Amino acid sequence: MEAAADAVDREAQHLTDLDSAIGDADHGTNMRRGFTAVREGLATDPPGTPGAVLLLSGRLLVSKVGGASGPLYGTMLRRVGKALGDEAEVDGERLAAALRTGVEAVSRLGGAAEGDKTMLDALYPAVTAMEDAVRDGDDPAAALAAARTAAGEGSRATIPLQARKGRASYLGERSIGHEDPGAASSALLVAALAEAVDSGG
Ligand code: ADP
Ligand code: MG
């Protein structure tokens, strides 16, 4: 979560720029507000397990972020945290399955599917790539590296799509030709997770 908060700090302006093209220019601000609260909350009251870290982080995102992305990401993290349970350590298979549960919860909550030009266009390919890599025997770091690549490709692939969900959908065909801000932030979060696991923390 620290790597995610750092990445959000670094890329906040870029996320807001993407949202200014097809939204209301607040995605970077929303993400930063949420992840700053997460950073502070985890420092104040450090949870003892990965699952508890994600439950607290998700709760903070839901309560601190006004935009659509707060409840969506918050729900995702809470569902992943719940799926991880009380385990002190999590292997690749367990993490991939938990992430799948979290991404499906985003889809249910927002009523969006792959191809609607949302964060799901980065999240679904990431989870599928991770599952495939784990099934092929990759360790978690390698599986998350594959997820990171897939999330980045998925985000860039939103450029030619027309938005069917969220604020960008109000633009109709004018949403075509721009990368979805939520897909870009999802790619950022997957990259942060991959980096954190790759560096052993
Ligand atoms: P808001 O749209 O309320 O201003 P943000 O700008 O923080 O909130 O987040 C916008 C992003 O949220 C979009 O780029 C999109 O990826 C994501 N999003 C919006 N609505 C949905 C939805 N129904 N399902 C999945 N993701 C969504
Ligand atoms: Mg916005």
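Numbers for residues simply follow the sequence, beginning at 1. Every heavy atom of this structure was used, including side-chain atoms; hydrogens, water molecules and symmetry mates were not. Whatever order the structure lists them in is the order used to number ligands and atoms, beginning at 1. No experiment lies behind these values; they were computed from the predicted model shown.
Exactly one of Met119, Arg148, Met31, Met1 qualifies for a side-chain contact (heavy atoms from CB on, under 4.5 Å) with Leu189. That residue is Met31.
The side-chain heavy atoms of Ser175 and Tyr170, taken from C-beta on, include no pair separated by under 4.5 Å. Two residues are said to be in side-chain contact when any heavy atoms from C-beta on lie closer than 4.5 Å; Asp19 and Asp26 meet this criterion. Lys82 places none of its side-chain heavy atoms less than 4.5 Å from the side chain of Thr101. Within the 4.5 Å cutoff, side-chain heavy atoms of Leu95 are placed close to those of Met130. Side-chain contact between His27 and Leu18: absent, with no pair of heavy atoms (C-beta onward) separated by less than 4.5 Å. Residues Phe35 and Lys64 form no side-chain contact, since every pair of their non-hydrogen atoms from C-beta on lies 4.5 Å or further apart.
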Report, one line per pair, each donor and acceptor closer than 3.5 Å where one atom sits in a side chain of residues 137-144; sequence neighbours left out.
| residue | atom | partner | partner atom | Å |
| --- | --- | --- | --- | --- |
| Asp139 | OD1 | Ala141 | N | 3.3 |
| Asp139 | OD1 | Ala142 | N | 2.8 |

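With sequence neighbours left out, the side-chain hydrogen bond (donor to acceptor under 3.5 Å, both in side chains) criterion links Ser69 to no other residue.
Protein N, O or S atom count below 2.8 Å of the Mg ion (ligand 2): the structure gives 3.
For ligand 1, the 4.0 Å heavy-atom shell takes in Asp19, Asp24, Asp26, His27, Asn30, Gly67, Ala68, Ser69, Leu72, Gly110, Ala112, Thr118, Met119, Lys165, Gly166, Arg167, Asp180, Pro181, Gly182, Ala183, ordered by chain and residue number.
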